[in-house]
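Accompanying notes for the structure given below.
When a ligand or atom number is given, it counts from 1 through the structure's own listing order. Every value quoted in this text rests on a predicted model; they were computed, and no experiment measured them.
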Amino acid sequence: MAVITVQTQPYLDQKPGTSGLRKKVPHFQQANYAENFIQAIFDAQSGFEGKTLVVGGDGRYHNRHVIGLCIRMAAANGVGRVIVGKGGILSTPAASNLIRKSGAFGGIILSASHNPGGPTEDFGIKFNIANGGPAPEKVTEAMYGKTRTIARYLIEDAAAPDLDVIGKAQCGAMAVDIVDPVLLYADLMEELFDFPAIRALFASGFRMRFDAMSAVTGPYAHEILERRLGAAAGTVINGTPLEDFGHHHPDPNLVHAKALYDEMMGANAPDFGAASDGDGDRNLIIGKGIFITPSDSLAMLAANAHLAPGYAQGLAGIARSMPTSGAADRVAEKLGIGLHETPTGWKFFGNLLDAGMATICGEESAGTGSSHVREKDGLWAVLLWLNILAVRRDSMKAIAAAHWQTYGRNYYARHDYEAIDTDAANTLMAHLRDRMATLPGETVHGLTIAAADDFEYLDPVDGSLSKNQGVRILFAGGSRAVFRLSGTGTSGATLRVYMERYEPASGNLALEVADALGPIIAAANDLAEVAARTGRTAPDVIT
Ligand code: VG1
Ligand code: CO
């Protein structure tokens with residue numbers, strides 16, 4: 001076997017976004033496009049020769065081809081061993097766990113997460129470091145730098161092994177371990193949660209629906225929910241991963257998981273409903289007759305986590321992304337633990353988790369997780385909810401009502417304007433930034449602006465500074481609107497507008513969200529001139 005050196009030219013658009021490099025499949029199919037990026041990952045690391053690398057993806061179109069490239073290029077670059085999930089499948093949290101358990105120097109995860117899949121849809125490549133978490137900005141910047149000057153890549157002149165056979169194989173001199181993608185992950189869940197209590201809950205007639213959205217979580221959910229926990233067969237729907245997610249958009253929100261929502265709001269609804277995204281790191285939580293916003297779910301999980309064996313010792317702290325509502329802040333305050341506010345993207349939680357400053361983390365985009373891995377984890381959140389329900393034996397509605405009566409309620413919504421003109425989106429943000437200094441004191445739709453800024457994050461562990469992480473407009477009384485552009489989209493720009501209003505426990509806890517936020521929505525639209533600048537009169541998605 002021989003290592004081949006292939007001459008190549010740089011592509012100048014390989015800057016990783018919020019979570020890796022994401023482009024349309026045909027873009028990735030350009031000559032050497034994926035190869036360049038994979039080589040840049042190796043070129044930006046050092047000291048990995050002879051060590052272990054984890055490789056896996058969410059099973060979307062183009063997954064197998066790029067996994068073959070990763071294996072052959074890892075061999076050529078001197079990696080000692082690749083661990084890969086059978087069929088090239090690994091959910092993002094399972095990959096994170098495998099990296100940690102195997103002592104790997106890192107992992108390559110192939111996914112575009114909640115974005116659609118298929119020959120003309122999205123693909124993505126992400127590098128995770130030895131702690132199991134997404135590479136921090138200094139590493140992604142180094143990778144990006146390498147992509148801009150790359151002149152050659154290395155590839156083993158041997159086929160990658162058959163990924164469908166579990167066991168030991170070779171690629172050149174490098175060992176390849178093809179493993180069951182579910183086993184280790186399911187065992188980890190069994191360590192964290194009280195499986196006998198959850199089994200007893202299901203045995204008592206508790207009913208659940210889990211929509212795997214034809215994405216990677218299906219095999220995990222079948223094994224854990226139906227086999228290990230005894231949920232009725234058929235609890236998991238859309239449980240077979242498909243390359244195009246059955247033509248759906250594997251984003252667990254009220255638009256793309258509408259069938260689940262309708263079932264949960266209908267007559268004879270199950271007690272508990274949940275869904276996960278393309279790569280298994282997000283979770284949608286819906287109780288019988290009640291949608292729990294991801295921000296509220298984070299707060300409720302943190303407040304009740306001690307009911308699960310893995311968290312019985314209490315939490316070291318809570319971390320949330322800046323646009324996530326402040327509901328978790330009130331829980332942290334009551335528990336007397338730290339609350340950390342980070343920029344959007346899981347990579348910012350890694351240092352806090354490693355330093356023992358946070359145990360539970362979350363984002364408003366349906367991401368929740370803990371120190372058990374270094375990624376957000378959809379099924380983990382579902383199982384923590386089940387563990388809490390198994391102990392409390394209350395309905396979701398009752399648990400939410402009691403939570404709000406204790407902490408007050410953060411009414412919250414996010415409006416997404418998708419695939420808008422990139423220049424228009426950039427100008428909208430620039431205009432907001434220009435106005436920031438003069439906004440305080442102005443009154444819009446009856447709301448007085450108390451402060452406006454562009455969020456910056458100084459990492460308390462490594463001292464790195466991340467600027468321009470979203471424009472915040474804070475109104476007198478504690479309400480706010482936040483504006484930022486997505487870093488995961490692949491066509492045009494996506495504007496996200498996040499709106500929040502806090503209602504104390506003594507206030508009205510039963511408003512419709514749209515009514516509660518009415519003036520804030522109107523003020524946000526006016527301040528950013530959303531309609532005039534984007535040409536849109538309504539958001540594409542409201543979550
Ligand atoms: C979005 C979410 C962010 C999340 C990221 C990756 O990023 O807002 O909270 O961490 O997706 O999630 P952006 O830049 O588009 O707003 V996943 O499940 O797509 O890896
Ligand atoms: Co995801």
At their closest point, which heavy atom of [X] faces which heavy atom of [Y], and how far apart are they?
{"X": "Ala274", "Y": "Leu260", "result": "O-CD2, 3.5 Å"}
{"X": "Arg282", "Y": "Ser113", "result": "NE-OG, 4.5 Å"}
{"X": "Ala400", "Y": "Ile290", "result": "CB-CD1, 3.8 Å"}

In this structure, does ligand 1 have an atom that sits under 4.0 Å from one of the heavy atoms of [X]?
{"X": "Arg22", "value": "yes"}
{"X": "Ser321", "value": "no"}
{"X": "Arg484", "value": "yes"}

Going by atom types alone, do [X] and [Y] pair a side-chain donor with an acceptor below 3.5 Å?
{"X": "Glu375", "Y": "Asn128", "result": "yes"}
{"X": "Asp279", "Y": "Thr92", "result": "yes"}
{"X": "Asp377", "Y": "His372", "result": "yes"}

To the nearest 0.1 Å, how far is [atom] from its closest protein heavy atom, and which atom is that?
{"atom": "atom 12 (O) of ligand 1", "result": "Lys376 NZ, 2.8 Å"}
{"atom": "atom 4 (C) of ligand 1", "result": "Glu363 OE1, 3.5 Å"}
{"atom": "atom 18 (O) of ligand 1", "result": "Ser113 OG, 2.5 Å"}
{"atom": "atom 19 (O) of ligand 1", "result": "His114 ND1, 2.4 Å"}
{"atom": "atom 1 (C) of ligand 1", "result": "Arg282 NH2, 3.7 Å"}

key: Under-4.0 Å heavy-atom contact with ligand 1, by part of Thr92 that carries it   =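 Contact part for Thr92 vs ligand 1: neither.
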
ask   = What part of Thr488 sits under 4.0 Å from ligand 1 if we count only heavy atoms: the side chain, the backbone, both or neither?
value =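 Both backbone and side chain.
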
request  = Provide the atom name of the closest N, O or S atom of Asp279 relative to the Co ion (ligand 2).
outcome  =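 Nearest N/O/S atom: OD1.
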
Vertex the Co ion (ligand 2), rays to OD1 in Asp281 and OD2 in Asp277 - rounded to 10° =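 Rounding to the nearest 10 degrees gives 90°.
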
request  = Give, for atom SG of Cys361 and atom CZ of Arg374, the distance between the pair rounded to the nearest 0.5 Å.
outcome  =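 The distance works out to 8.5 Å.
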
One thing to verify: whether [Y] and [X] come together as a salt bridge, which I'm taking to mean a side-chain N less than 4.0 angstrom from a carboxylate O.
{"X": "Arg480", "Y": "Glu500", "answer": "yes"}
{"X": "Asp122", "Y": "Lys23", "answer": "no"}
{"X": "Glu363", "Y": "Arg320", "answer": "no"}
{"X": "Arg472", "Y": "Glu341", "answer": "yes"}

message = What verdict does the side-chain hydrogen bond (donor to acceptor under 3.5 Å, both in side chains) test give for Glu137 and Ser466, after you've listed the backbone C-alpha separation in whole Å, the side-chain angles of each residue and the deciding distance to 0.1 Å?
response = CA-CA 9 Å; Glu137 277 187 330; Ser466 302; 3.0 Å; yes

Which ligand 1 atoms are under 4.0 Å away from a heavy-atom of [X]?
{"X": "Arg496", "result": "8 (O), 13 (P), 15 (O), 16 (O)"}
{"X": "Asp281", "result": "18 (O), 20 (O)"}
{"X": "Asp277", "result": "18 (O)"}
{"X": "Thr18", "result": "5 (C), 7 (O), 13 (P), 14 (O)"}
{"X": "Thr344", "result": "3 (C), 8 (O), 9 (O)"}
{"X": "Gly487", "result": "13 (P), 14 (O), 15 (O)"}

inquiry  = Minimum distance, heavy atoms only, to atom 2 (C) of ligand 1: which one of Pro323, Ser365, Pro250 is it?
reply    = Ser365

inquiry  = Regarding ligand 1, does Ala112 bring an N or O atom to under 3.5 Å of one of the ligand's N or O atoms?
reply    = no

request  = Kindly confirm whether the Co ion (ligand 2) is within less than 2.8 Å of some N/O/S atom in Ser113?
outcome  =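 Given the 2.8 Å cut-off, Ser113 counts as a ligand of the Co ion (ligand 2).
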
message = Working note: Asp13 + His27, criterion side-chain hydrogen bond (donor to acceptor under 3.5 Å, both in side chains); need CA distance, chi angles, decisive distance, verdict.
response = CA-CA 11 Å; Asp13 66 348; His27 202 92; 2.7 Å; yes

